Amino acid sequence: MTELHDFIDGLPKAELHVHIEGTLEPELMFALAKRNGIALPYASVEELRAAYSFNNLQEFLDLYYQGAQVLITQQDFYDLTLAYLKRAHTDQVLHTEIFFDPQTHTERGIAFQTVFEGITSALSNAERDMGITSELILCFLRHLSEEEAIETYEAALPYRDRIAGFGLDSSEKGHPPAKFERVFARVRAAGFRIVAHAGEEGPPEYVKDALDLLKVDRIDHGNRALEDNALVERLAREAMPLTVCPLSNLSLAVVKDLADHPLRRMLDAGLVATLNSDDPAYFGGYVNQNFRQTQSALNLTKDELALLARNSFTASFASEERKTELLGILDSYLAQA
Ligand code: HPA
Ligand code: ZN
């Protein structure tokens, strides 16, 4: 291990782009399938892992939604979330903002409350036992209708005190931000934070529309924004955070090689980039693995790694008090590292 990889391992950081359903490791998927009497179309963990070879976002999503079908009880959602939090804790993630996709579950007849209470009880216990703080972001599935997003928004309102914001995920192409303008107007009027996946596979216009129509606080991915120089200048001027996921991009053929990853150009253009794992059980690595492989591929310096960690805290939805505390922990680490 190089010295910089040791530096990464100890670096205090936040994770701002992780789908809780995408942290379902094959071993847990098999255990939950057994517990719930569900037959999986794979004979073993090895056979399942071997199926994780994707040519695009949709091929991944098909397996991701299939995998999520083993999640039935509140305990299942608790076990899933706690396993991720323990893993994140070993990567020096001090604060995490977790996406969940309730429609993936309510469509199968699982109650919103079951999903929500399972996830949030793990979040509370992890804060108590490991000191890891968290926020929850509910994502609407963009391949479904805006009407269904509105129904989901209304189902979530009784739990609003424990939801920081709303996002947009799933199949991007053909499902532009404009499709969800009205639901996000309601989300915004109610004072929630807003994020959206944009420019992962979709064109730069989707990034622009996420800014102008949805009025996002952060862009998830944003890779293809780099095809439009005026947009890059705008993202820099507005200090709009991007939650970048290099190993996801590699797995889904958004980039051919990590050496070509746009993170280098994002940093050079002064964009507020952060590094994240997206769906670590499917893409071959948690957040530190994303840092390590990207560092090696792009020759990131210690200062650039520290900037990525700093951005993760400043771009987070943590309270100002918690942000100050997190930045203080980072500064102490940098002073001795
Ligand atoms: N992109 C879009 N939707 C998703 C993803 C992603 O990478 N992961 C889970 N849902
Ligand atoms: Zn994502």
Side-chain angles (χ1 to χ4, degrees), residues 17-43 45 47-74 76-81 83-84 98-112 114-116 118-119 136-149 151-153 155-156 166-175 179-180 195-197 200-202 220-221 245 247-249 251-254 276-284:
H17 184 157
V18 58
H19 302 261
I20 201 62
E21 294 88 351
T23 70
L24 177 56
E25 290 287 347
E27 289 78 5
L28 183 58
M29 196 191 291
F30 269 83
L32 296 182
K34 189 166 174 211
R35 187 154 99 188
N36 293 321
I38 293 169
L40 288 174
Y42 304 93
V45 163
E47 196 178 309
L48 175 57
R49 253 187 231 285
Y52 292 173
S53 169
F54 313 111
N55 293 304
N56 52 48
L57 174 60
Q58 193 59 51
E59 287 186 11
F60 154 70
L61 289 170
D62 292 344
L63 282 196
Y64 163 87
Y65 295 127
Q66 180 186 75
Q69 293 180 21
V70 303
L71 297 161
I72 307 286
T73 67
Q74 187 170 319
D76 298 341
F77 287 94
Y78 178 89
D79 291 347
L80 171 71
T81 307
Y84 161 69
I98 295 177
F99 296 139
F100 72 118
D101 290 343
Q103 288 162 296
T104 298
H105 314 298
T106 53
E107 272 199 324
R108 303 181 285 120
I110 312 294
F112 187 97
T114 301
V115 178
F116 196 80
I119 295 172
L136 259 188
I137 299 171
L138 187 161
C139 284
F140 301 123
L141 299 183
R142 68 203 303 160
H143 66 274
L144 300 179
S145 68
E146 185 176 50
E147 201 167 278
E148 287 162 293
E151 282 168 22
T152 304
Y153 175 66
F166 290 80
L168 201 52
D169 68 2
S170 192
S171 323
E172 185 180 7
K173 283 191 203 157
H175 302 285
K179 181 177 165 187
F180 295 93
V195 298
H197 283 56
E200 180 184 20
E201 284 191 342
D220 295 316
H221 296 293
C245 307
L247 290 180
S248 163
N249 295 157
S251 292
L252 302 185
V254 167
N276 308 275
S277 69
D278 208 2
D279 301 282
Y282 292 87
F283 300 149

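These figures come from a predicted structure and were not determined experimentally.
Taking the side chain as every heavy atom from C-beta outward, D76 and V70 never approach each other to under 4.5 Å. Side-chain contact between Y153 and L138 is absent, with no heavy-atom pair separated by less than 4.5 Å. For the pair Y65/L141, a side-chain contact is recorded, criterion being any heavy-atom separation below 4.5 Å from C-beta on. You'll find the side chain of Q103 reaches within 4.5 Å of the side chain of L144, heavy atoms only. Contact check for I110 versus L71: no side-chain heavy atoms found under the 4.5 Å cut-off. Between H221 and D278 the shortest side-chain heavy-atom distance falls below 4.5 Å.
Smallest separation of non-hydrogen atoms from Y84 and V18: OH-CG1, 3.6 Å. T23 approaches I20 most closely through the heavy-atom pair OG1-O, 2.7 Å. Minimum heavy-atom separation, S171 to L61: N-CD1, 3.5 Å. Across all their heavy atoms, L63 and A51 have their closest contact at CD1-O, 3.6 Å. Looking at every heavy atom in both residues, F54 comes nearest to Y282 through CE1-O, 3.9 Å. Contact record, A281 with L24: CB-O, 3.2 Å, taken as the closest heavy-atom pair.
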Please report the C-alpha distance between T81 and F100 in whole Å, then the side-chain angles of each, then the deciding distance to 0.1 Å, and finally whether the side-chain contact (heavy atoms from CB on, under 4.5 Å) criterion is met. CA-CA 10 Å; T81 307; F100 72 118; over 6 Å; no

Please step through side-chain contact (heavy atoms from CB on, under 4.5 Å) for the pair I137 and F166, ending with a clear verdict. CA-CA 5 Å; I137 299 171; F166 290 80; 5.6 Å; no

Dump the intermediate steps for side-chain contact (heavy atoms from CB on, under 4.5 Å) on R49 and E27, then the final yes or no. CA-CA 10 Å; R49 253 187 231 285; E27 289 78 5; 2.9 Å; yes

Using the side chain to side chain donor-acceptor pair (under 3.5 Å) rule, take Y52 and S251 through it: C-alpha gap first, then chi angles, then the decisive distance, then the call. CA-CA 9 Å; Y52 292 173; S251 292; over 6 Å; no

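Separation of atoms CG (D220) and CG (L168) is listed at 9.5 Å; rounding is to 0.5 Å. The distance from atom CD of E25 to atom CG of L48, rounded to the nearest 0.5 Å, is 10.0 Å. Atoms CG and CD, on N249 and E201 in that order, are 10.0 Å from each other to the nearest 0.5 Å. Separation of atoms CD (Q69) and CG (N36) is listed at 12.0 Å; rounding is to 0.5 Å. Rounding to the nearest 0.5 Å places CZ of R108 at 5.0 Å from CD1 of I72. One distance of note links OG of S145 with CZ of F180; it measures 7.0 Å at 0.5 Å rounding.
Of the listed residues (F112, F116, F77), just one forms a ring pair (Phe, Tyr, Trp, His ring centres under 6.0 Å) with H105, and that residue is F77. When the options R142, H175, H17 are evaluated for a side chain to side chain donor-acceptor pair (under 3.5 Å) with H197, the one that passes is H17.
Ion pairing between K173 and E200 fails under the 4.0 Å rule for side-chain N and carboxylate O.
D62 and Q66 form no side-chain donor-acceptor contact under 3.5 Å, judged by distance and modelled atom types alone. Side-chain contact of Y64 with D101: a donor-acceptor pair under 3.5 Å is present, judged by distance alone.
In this structure, the ring of Y42 has its center no less than 6.0 angstrom from the ring center of F30.
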